[in-house]
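Report on the following structure.
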Amino acid sequence: MMRTRTQVGIVGAGPAGLLLAHLLARRGIESVLIEIRSREYCEARQRAGVLEDGSVSLLRGAGVGDRLDRQGLEHGGIYLQFGGERHHIDFRDLTGGRTVTVYAQTEVVKDLIARRLADRGGDAIRFSVSDTEVAELDSDRPVLRYTDADGTRHEVICDAIAGCDGFHGICRPAIPAGALTVWERDYPYAWLGILADIPPSTDELIYAHHPAGFALHSLRSPTVSRLYLQVDPDERIETWSDERIWAELARRFELPGWTLQQGPVLDKSITPMRSFVSAPMRHGRLFLAGDAAHIVPPTGAKGLNLALADVAVLAPALEALLHGDGEPAASYSDSCLARVWRSTHFSWWMTTMLHRTPGADEMEQQLQLSQLRYVVSSRAAATSLAENYTGFVPLPTGPLSTGPAPTGAPPSGAPPTGAPPVQAERSQ
Ligand code: FAD
Ligand code: DHB
């Protein structure tokens, strides 16, 4: 057993763990970051694609936005398609100029891994570890244990541990039963997602309501498309040939005078859909961030943004804690949960408005169509969608998250109702 010491032990090298390690390093705080998967696996895992402008400002302010600035595609709205018509929701007009940026999670992860390795060398991230354990969470010296890729067991004595290990990780289950409250909702559908080597057939994302089920046309670059289909949760990917997928996508996006361009499928997978919030996001010296603490169905494009926002709050809170000021760490959970619940509600709202519930009666569809017609014909309703999609509860502002202010603020400039005061990052 190798025994070592660090300030912050970080479990999981997804967007949350990677950005946290980087933000802490910029504050002069040392961390050990471990990951069960290989670097190649982490860099290839197809997931999110849409960044709120607050997330873009955060990454830029943290010095990891160069490629994002060059290759990210700024989008000023989305299309909502239903009842045989396609309607544009113009975020810039509705929110006083706010936008989102299409830049794949794979690229955010690659940028953050490259930056950690450049700043700290080969041991900055310990990939392919196994048997991760966290212990002594109630003490001020929590312990992180893992076995490295060569089979050596490690014990790392920490001042704090960040559980950034996603929904299926080990950190949340390490919190004693009874110390957490959990809210959970499973949806009776899943998303079949494909990556296709074909230029997108649209300039902005299309969210389509169709009697056969929801479909989404997104993109990864001017030459690569990303598309999703609502399918049953127990559907097996083997039963979906490329031809069947394209035929179903063409049917759900059908519009006179418009053609869905089809091309080689590079990747395909099925993802279940769930809403999940556990609180508080802290137990003793263990802090949960990102999907480890909360999951949203992907329809609102919020999960990655929430993960980045959590660690933007956590980094200064941990810095303060390590310097003897426990107050920001004490308010970490409440500060994040205001944003988490807003996004949880928005994602649920988008999901239930756009998906067909298997076995639902005809009334569900009429209610959905009425809501969709309202969104595209009422400026108030469209503004509500636009300000939530672009990010309603502001991210912390400060030296590592500077950008056009107020980046995530509502268009009126008024504070979002119910949001706690946002923690400012401390200058060093
Ligand atoms: P993860 O990315 O899950 O990272 C956790 C890491 O911990 C993983 O690398 C995992 O291997 C590692 N790990 C797990 N257990 C252990 C262990 N025991 N020891 C060490 N390491 C461990 N979000 C958006 O904002 N916009 C979108 O457009 C969007 N679209 C999506 C589309 C799909 C199809 C899916 C599946 C998700 C989408 N999301 C979207 C959600 C987004 O991808 C997640 O919310 C995001 O990955 C959360 O980041 P994270 O770092 O918290 O967790
Ligand atoms: C993508 C994923 C989403 O969940 C979404 O709402 C929009 C875009 C994407 O992967 O591009």
Side-chain angles (χ1 to χ4, degrees), residues 9-21 32-39 41-43 45-52 55 73 75 78 100-106 108-109 112-113 125-134 144-147 162-174 190-195 200 204-207 214 216-221 224-229 267-274 276 288-311 340 343 346-347 350-351 354 389 391:
I10 305 177
V11 187
L18 286 163
L19 181 62
L20 179 64
V32 166
L33 171 54
I34 63 163
E35 164 61 50
I36 41 171
R37 301 287 192 170
S38 66
R39 177 179 180 183
Y41 184 94
C42 292
E43 292 189 343
R45 187 167 36 198
Q46 292 300 322
R47 282 189 166 176
V50 177
L51 294 173
E52 297 172 3
S55 299
L73 302 168
H75 281 198
I78 57 168
V100 292
T101 296
V102 175
Y103 188 67
Q105 180 167 330
T106 46
V108 174
V109 165
L112 287 165
I113 290 176
I125 308 161
R126 293 144 204 210
F127 288 105
S128 306
V129 307
S130 52
D131 299 319
T132 314
E133 280 179 80
V134 293
L144 172 62
R145 295 191 197 97
Y146 66 96
T147 302
C164 302
D165 50 347
F167 184 68
H168 299 289
I170 53 100
C171 288
R172 191 183 65 253
W191 276 16
L192 188 165
I194 63 164
L195 195 66
E204 291 186 334
L205 273 60
I206 308 168
Y207 286 81
F214 171 72
L216 169 62
H217 191 331
S218 182
L219 54 137
R220 285 292 173 264
S221 75
V224 177
S225 298
R226 176 85 169 139
L227 298 112
Y228 297 98
L229 271 180
D267 183 275
K268 58 180 166 182
S269 61
I270 293 181
T271 310
M273 295 178 67
R274 175 183 289 125
F276 176 93
L288 301 178
D291 279 15
H294 42 73
I295 293 273
V296 286
T299 327
K302 289 292 161 208
L304 170 59
N305 293 290
L306 287 177
L308 299 176
D310 285 353
V311 298
V340 167
S343 292
F346 176 65
S347 303
M350 285 283 280
T351 299
L354 289 164
Y389 196 99

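Nothing fancy with the numbering, it's 1 onward along the sequence. None of the values given here were measured: they were computed from a predicted structure. These numbers come from the heavy atoms of this one structure, side chains and all, not from hydrogens, waters or symmetry mates. Each ligand, and each atom within it, is numbered from 1 in the order the structure gives.
Asp291 OD2, 3.4 Å is the protein heavy atom nearest to atom 44 (C) of ligand 1. Here the protein heavy atom with the shortest distance to atom 12 (C) of ligand 1 is Glu35 OE1, 3.2 Å. Atom 21 (N) of ligand 1 has its closest protein heavy atom at Ile36 N, 3.3 Å. Here the protein heavy atom with the shortest distance to atom 27 (C) of ligand 1 is Ala48 CB, 3.1 Å. Regarding atom 1 (P) of ligand 1, its nearest protein heavy-atom neighbour is Arg47 NH1, 3.3 Å. When hydrogens are left out, the protein atom nearest atom 19 (N) of ligand 1 is Thr132 OG1, 2.9 Å; that is the closest non-hydrogen contact. Among protein heavy atoms, the minimum distance from atom 14 (C) of ligand 1 is reached at Asp165 O, 3.2 Å. Scanning the protein heavy atoms around atom 28 (O) of ligand 1, the nearest turns out to be Gly49 N, 3.2 Å.
Distances from atom 5 (C) of ligand 2 to the heavy atoms of Tyr103, Tyr207, Tyr228 show the closest one on Tyr207. Ranked by closest heavy atom to atom 49 (O) of ligand 1, the top entry among Ser347, Ser130, Gly290, Pro15 is Pro15.
Contact annotation for Thr271 and ligand 1: only side-chain heavy atoms (C-beta onward) come within less than 4.0 Å of the ligand. Contact annotation: for Gln105 versus ligand 1, heavy atoms closer than 4.0 Å belong to the side chain alone. Heavy atoms of Arg45 found under 4.0 angstrom from ligand 1 belong exclusively to the side chain. Contacts between Arg220 and ligand 2 below 4.0 angstrom, taking non-hydrogen atoms only, involve the side chain exclusively. When non-hydrogen atoms are compared, ligand 2 lies under 4.0 Å from neither the backbone nor the side chain of Val102. Counting heavy atoms under 4.0 Å from ligand 1, residue Ala16 touches it through both backbone and side chain. If you look at Ser218 next to ligand 1, there are no close heavy atoms at all, none under 4.0 Å. At a heavy-atom distance under 4.0 Å, no atom of Tyr146 approaches ligand 1. Contacts between Ser218 and ligand 2 below 4.0 angstrom, taking non-hydrogen atoms only, involve the side chain exclusively.
In this view, Ile36 and Val129, Thr132 satisfy the side chain to side chain contact (heavy atoms under 4.5 Å, CB included) rule, not counting sequence neighbours.
Of the N or O atoms in Val11, none lie within a sub-3.5 Å distance of an N or O in ligand 1. Backbone and side-chain nitrogen or oxygen atoms of Phe167 are examined, and none is located within less than 3.5 angstrom of a nitrogen or oxygen of ligand 1. Looking at Tyr228 next to ligand 1, no N or O pair under 3.5 Å apart turns up. For ligand 1, none of its N or O atoms has an N or O atom of Ile170 under 3.5 Å away. Ligand 1 has a nitrogen or oxygen under 3.5 angstrom from a nitrogen or oxygen of Leu304. For Pro298, a nitrogen or oxygen atom sits less than 3.5 Å from a nitrogen or oxygen atom of ligand 2, counting backbone and side chain alike.
In the vicinity of Arg47, heavy-atom distances shorter than 4.0 Å reach the ligand 2 atoms 10 (O). Residue Cys164 has at least one heavy-atom neighbour below 4.0 Å for each of these atoms of ligand 1: 5 (C), 6 (C), 7 (O). Taking every non-hydrogen atom of Thr299 and a distance limit under 4.0 Å, the qualifying atoms of ligand 2 come out as 6 (O).
Distance alone, capped at 3.5 Å, is enough to place a donor-acceptor pair between the Lys302 side chain and the Tyr389 backbone. Side chain of Asp310 to main chain of Asp291: no donor-acceptor pair is present (N/O by atom type, distance under 3.5 Å, no hydrogens or angles). The main-chain N or O of Gly12 is never found under 3.5 Å from a side-chain atom of Asp165 such that the two would form a donor-acceptor pair.
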